[in-house]
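The block underneath contains the structure these notes are about, expressed in structure tokens.
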Amino acid sequence: MKIIVLGAGAVGVSSAYYLARQGHEVTVIERLAGPALETSFANAGQVSYGYSSPWAAPGVPLKAIKWMFAKHPPLTIRPDGTLFQLQWIFNMWRNCSASRYAINKERMVRLSGYSRVCLEALRNDIGIQYEGRRQGTLQVFRTQQQLDAVGQDINVLSDAGIRYELLGRDQLEQAEPALARTKDKLVGGLRLPDDETGDCNLFTTRLAAEAEKLGVTFRYGTTIKHVHVDGSKVSGVETDAGLLTADAYVMALGSWSTPLLRHIGKLPVYPLKGYSITVPIADERCAPVSTLLDESYKIAVTRFDGRIRVGGMAEIVGFDKTLDERRRKTLELVLTDLFPGSYTPTDVAFWTGLRPKTPDSTPVVGPTRLPNLFLNTGHGTLGWTMACGSGQLIADMVSGKPTAIRSDDLSIHRYQS
């Protein structure tokens, strides 16, 4: 079949790659000059299978109110003037019950676990390199209350067969030696030894090159204006270069999927603004060796070959991509607090991006009411973690093949029932 994939981020490129491997003629449309130049460009660098947890969780509404008065809030809300924002916040609030959290957590862990298998196979097949490290992820807790609350997540991890280690304060430096100097600020941690790290932009760029070897055509610098529907199916995609047609279409435009499909149906994917800084390592002895998650600030500190990426926070503010200097200070605060001396404060690259988030935190992967339109979007902060699994799933769905894992509850239909 002739297939058009809309979007060349980590999810879009993965979709194109797996579709091409199944013999399809694939074209990718991207408005920017290359792959992974937006949300996938400077994310936190985590491939966190075990930490695939819904943001909508019990206690979050109360925490959100408290964060309104915090100096370094993990989450902030500013009205964007749309009814959609209010509806999205309300639906997220509805998912904050213990029962909904358990359902959504299971979906996310299921998809992430499958994505792990797909990424492993991908590395074996093509030997893709992306400054990857396979030394696990360490979530650190600054209070005993945080440590005590990790029980529910551990139960889900156990049920899913995901390895974990609960570490006391004096054990933290076994995973991250540089914490020996700052462990007194922490009470313990949860380590997932099978999690990975790497440069998502580098991964996506190199996977795009592999996709081209399979015959995928990338039309960069092409702006999508409209998705045309003729009767009960998509008839083409209007771009600034003219009308492009195919047998099937895969929407992988992240946050921009929602406005582009507004005339077709409601897609509850909202842009969740996040920030990151990237710094060269000044002293190896002071730097992390893998990824660390600071539970208090909701910030990740990730090691690349010669760089450190610090990312996190969430702002519900619409499509605003203004760089807020206060967020940079928060990111640097965490890095300096836990890994002092690891970088030079005068050499910092500051970035912001929009993560496509659903109210239940589970991505939308699957068919729609239009038989030739498929969605692969809404992955939130876990786009790279779930990219390979989502790409393989969507390729199987488009090809009419059975999927390796349960996938019916990942589609848009769960919101329309």
Side-chain angles (χ1 to χ4, degrees), residues 43-54 105-106 108-124 128-142 146-180 182-183 186-200 203 284-296 298-305 307-312 334 338-339 342 381-389 405:
N43 65 14
Q46 304 163 251
V47 186
S48 299
Y49 309 112
Y51 286 115
S52 299
S53 298
K105 173 80 174 181
E106 187 279 328
M108 297 174 73
V109 170
R110 184 202 320 155
L111 179 53
S112 295
Y114 179 57
S115 197
R116 175 189 172 192
V117 174
C118 293
L119 179 56
E120 179 72 27
L122 187 67
R123 276 196 300 264
N124 292 335
I128 189 169
Q129 299 293 320
Y130 44 87
E131 296 191 26
R133 289 170 174 253
R134 307 179 68 185
Q135 296 174 254
T137 298
L138 176 64
Q139 182 181 16
V140 295
F141 307 108
R142 294 177 182 264
Q146 292 172 347
L147 185 60
D148 294 340
V150 79
Q152 185 176 12
D153 280 347
I154 286 178
N155 291 334
V156 176
L157 294 173
S158 298
D159 292 342
I162 295 175
R163 293 196 301 151
Y164 68 89
E165 301 168 358
L166 198 59
L167 305 179
R169 174 185 287 138
D170 294 330
Q171 297 173 299
L172 296 175
E173 60 191 277
Q174 297 175 11
E176 287 290 351
L179 290 180
T182 56
K183 64 181 181 181
L186 309 169
V187 299
L190 176 65
R191 180 173 180 262
L192 302 187
D194 296 324
D195 277 8
E196 307 177 27
T197 64
D199 187 329
C200 181
F203 169 85
E284 290 274 350
R285 298 168 300 175
C286 302
V289 297
S290 188
T291 286
L292 178 144
L293 299 175
D294 189 320
E295 177 63 16
S296 294
K298 308 294 184 184
I299 285 174
V301 181
T302 298
R303 169 70 179 271
F304 295 160
D305 285 355
R307 300 168 294 153
I308 300 173
R309 172 76 48 76
V310 188
V334 171
L338 296 176
F339 299 99
S342 61
T381 58
L382 297 167
W384 188 21
T385 297
M386 298 179 173
C388 289
I405 61 171

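Along the sequence shown, residues are numbered consecutively beginning with 1.
Expressed to the nearest 0.5 Å, how far OG of Ser48 lies from CD of Glu196 amounts to 9.5 Å. To the nearest 0.5 angstrom, Leu192 atom CG is 11.0 Å from Thr291 atom OG1. Atom CD1 of residue Ile154 and atom CD1 of residue Ile162 lie 12.0 Å apart, to the nearest 0.5 angstrom. Note that the CD atom of Gln139 and the CG atom of Asp294 stand 9.5 Å from one another [nearest 0.5 Å]. The CZ atom of Phe339 lies 7.5 Å from the CD1 atom of Ile308; values are rounded to the nearest 0.5 Å. The structure places CG of Leu179 at 6.5 Å from CG of Leu186, a figure rounded to the nearest 0.5 Å.
Side-chain contact between Gln129 and Arg123: absent, with no pair of heavy atoms (C-beta onward) separated by less than 4.5 Å. With a 4.5 Å cut-off on side-chain heavy atoms, Val310 and Ile299 count as touching. When side chains are defined from C-beta on, Thr137 counts as touching Leu293, because their heavy atoms get closer than 4.5 Å. At least one side-chain heavy atom of Val140 sits under 4.5 Å from a side-chain heavy atom of Leu138. Counting heavy atoms from C-beta on, the side chains of Arg303 and Glu284 come closer than 4.5 Å. Residues Tyr49 and Leu119 meet the side-chain proximity criterion, which asks for heavy atoms closer than 4.5 Å.
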For this session: Take Val301 and Val334 through the side chain to side chain contact (heavy atoms under 4.5 Å, CB included) test and state the conclusion after the steps.
Result: CA-CA 8 Å; Val301 181; Val334 171; 4.2 Å; yes
* Output, in order, the C-alpha distance, side-chain angles, deciding distance and verdict of side chain to side chain contact (heavy atoms under 4.5 Å, CB included) for Ser158 and Tyr164. => CA-CA 8 Å; Ser158 298; Tyr164 68 89; 3.4 Å; yes
request  = Step by step, work out the side chain to side chain contact (heavy atoms under 4.5 Å, CB included) result for Leu190 and Phe141.
outcome  = CA-CA 8 Å; Leu190 176 65; Phe141 307 108; 4.1 Å; yes
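Counting all heavy atoms, side chain and backbone alike, Gly311 lies closest to Ala44 at CA-CB, 4.4 Å. Here the shortest heavy-atom pairing between Pro54 and Met108 reads N-SD, 3.6 Å. In terms of heavy-atom proximity, Val289 sits nearest to Arg133 at O-NH1, 3.1 Å. Of all non-hydrogen atoms in Gly189 and Leu172, the two that sit nearest each other are N-CD2, 3.7 Å. Across every non-hydrogen atom of Cys118 and Cys388, the tightest pair is CB-CB, 3.8 Å. Between Cys286 and Ser342, the shortest heavy-atom contact is O-CB, 3.5 Å.
In terms of modelled atom types and a separation under 3.5 Å, the side chain of Thr182 and the main chain of Leu338 share a donor-acceptor contact. Side-chain atoms of Ser290 come within 3.5 Å of backbone atoms of Gly136 as a donor-acceptor pair (strictly under, hydrogens ignored). Formation of a donor-acceptor pair under 3.5 Å by the Thr302 side chain with backbone atoms of Gly45 is not found in this model.
Side-chain atoms of Thr385 and Ser112 include no donor-acceptor pair closer than 3.5 Å. Under the 3.5 Å distance criterion, with hydrogens and angles disregarded, no donor-acceptor pair is assigned to the side chains of Gln146 and Glu295.
Each of Gln171, Glu165, Glu176 was scored for a side chain to side chain donor-acceptor pair (under 3.5 Å) with Arg191, with one residue passing: Glu165.
At a threshold of 4.0 Å, the pair Glu120-Arg116 does not count as salt-bridged, since none of the basic side-chain nitrogens sits closer than that to a carboxylate oxygen. Salt bridge annotation for Glu131-Arg309: absent, with no cationic side-chain nitrogen under 4.0 angstrom from a carboxylate oxygen. Under the 4.0 Å criterion applied to side-chain N and carboxylate O atoms, Asp199 and Arg307 are assigned as salt-bridge partners.
Classification of the Tyr130-Trp384 ring pair by plane angle, with boundaries at 30° and 60°, yields perpendicular.
Remark: Asp170 engages Lys183 in a salt bridge (charged side-chain N to carboxylate O under 4.0 Å, His left out) (not counting sequence neighbours).
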